[in-house]
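Below you'll find the structure, written out as structure tokens, and then a few comments.
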Number of protein chains: 2
Amino acid sequence: MNGILKIDQTDRKIIEILQSNGKITNAKLSEKIGLSPAPTLERVKKLEQNGLIESYHAQVDMDKIGVGVKTFVKVSLKGINKTNIETFLDKIKEIDEVIECHHTTGSGDFMLKVVAKDINAYQKVMLDKVSEIEVVDSLQSMVILSTLKNSKVIPFPH
Amino acid sequence: MNGILKIDQTDRKIIEILQSNGKITNAKLSEKIGLSPAPTLERVKKLEQNGLIESYHAQVDMDKIGVGVKTFVKVSLKGINKTNIETFLDKIKEIDEVIECHHTTGSGDFMLKVVAKDINAYQKVMLDKVSEIEVVDSLQSMVILSTLKNSKVIPFPH
DNA sequence: GTTGAAAGATGAGCTTT
DNA sequence: AAAGCTCATCTTTCAAC
């Protein structure tokens, strides 16, 4: 098995539609792409089996569930080596409030996205959980004032 | 109508499950939360109508669709005022490769998440599209080397 | 691509608290 | 009254042709 997956224009359309509406029925999806339901479903299943479509998720309104603080946090480690990164990761994965963690180039080593009820709760997460990780050197927080775009549709490279 | 929504423990469970699996059937969801299908569905519908659940999305494997470059970009504007922000936003919304745009505190004014096929395509997006926006002052890119956590489940504040 | 059986969704009316 | 349950009907899925 090689890593090359043949994806035609129809598959692209399917992926685009399912990204913007993960709950569309197969019947409506098939209409939109101009195929009958059976082959449409077959394509979707194949995309899921290939791992090209990974999963489906509901998106919630954070304000409405009481999440008032969202931040980006730039994290530098005390020396970047495999052991330190492993240690950091193991701990980060345990912290529910850290919803994203990316290893990046640039002045910081990692970029986190962190959510919390309010500034107090946020401070508590950062002090009690993130700062407590031994290998963490410095932290720089940027509070999100508002989110102006949050597209769930990844554009296809042509 | 006031803004207060009563959400009990069952609703929370529903929201948590639908965030991690947006395509679970109502039958299975009802099992998990310990209700019969009808009231379960009723609750889900109410959460959707309240806007607490905003939407459903398929998540794709970016590598497999040929998206090789993901970055965070810190953007500073030439003076931060309503007009400049409006101008910036209108243009940013048109750029498909910019999948997120957040207004933040800190040294930069905005944080973008940008995706592209490769470094060349990325450079092209940044030079031809983002840099071209009149009000943009400075840009600072951080390339994502790897994503170590990307949770779609927002933890409920208690 | 079409058809049909099985699974799931969903509304009406009944029961419980 | 508010929430949940059961049943009957309609829709969707999905495998066989």
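Naming convention: chains lettered A, B, ... in sequence-line order (proteins, then strands); numbering from 1 in each chain.
- Under a 4.0 Å N-O distance rule, the pair A:Glu134/A:Lys91 qualifies as a salt bridge.
- The distance between atom CG of B:Leu41 and atom C1' of D:dA3, rounded to the nearest whole Å, is 15 Å.
- The pair B:Asp96-A:Lys149 does not meet the salt-bridge criterion, since no charged nitrogen lies less than 4.0 angstrom from a carboxylate oxygen.
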Exercise for review: May I have the step-by-step check of side chain to side chain contact (heavy atoms under 4.5 Å, CB included) for B:Ile15 and B:Leu47, ending in yes or no?
Suggested key: CA-CA 8 Å; B:Ile15 290 167; B:Leu47 291 170; 3.8 Å; yes

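- Between A:Ile24 atom CD1 and D:dT11 atom P the separation is 17 Å, expressed in whole Å.
- Between B:Asn26 atom CG and D:dT13 atom P the separation is 14 Å, expressed in whole Å.
- Rounding to whole angstrom units, CD of residue B:Gln49 and P of C:dT10 are separated by 12 Å.
- Using modelled atom types, one finds a donor on one side chain and an acceptor on the other under 3.5 Å when comparing A:His102 with A:Glu100.
- Using a 4.0 Å heavy-atom cutoff across all strands shown, B:Thr25 reaches sugar-phosphate atoms only and no base atom.
- Distance CD (A:Glu31) to P (C:dG1): 13 Å, rounded to an integer number of Å.
- Put simply, B:Arg43 has a side-chain N or O that comes within less than 4.0 Å of OP1 or OP2 on D:dG4.
- Closest to the side chain of B:Lys45, out of D:dA15, C:dT10, D:dT13, is C:dT10.
- Taking atom CD1 on B:Ile7 and atom P on D:dA3, their separation rounds to 14 Å, with Å as the unit.
- If you measure from atom NZ of B:Lys23 to atom P of C:dG8, you get 14 Å, rounded to the nearest angstrom.
- Between the CD atom of A:Glu42 and the C1' atom of C:dT2 there is a distance of 14 Å, rounded to whole Å.
- Listed candidates were C:dG11, C:dG1, D:dC14. Nearest to the side chain of A:Pro39 is C:dG1.
- When heavy atoms are screened at a 4.0 angstrom cut-off, B:Ala27 is found touching the sugar-phosphate backbone but no base atom.
- Closest of all the heavy-atom pairs between B:Val75 and B:Leu77 is CG1-CD2, 4.0 Å.
- The side chain of A:Ser36 approaches C:dT2 more closely than any other nucleotide in the set D:dC14, C:dT2, D:dT6.
- B:Leu35 comes within contact range of the sugar-phosphate backbone alone, with a heavy-atom separation under 4.0 Å but no base atom that close.
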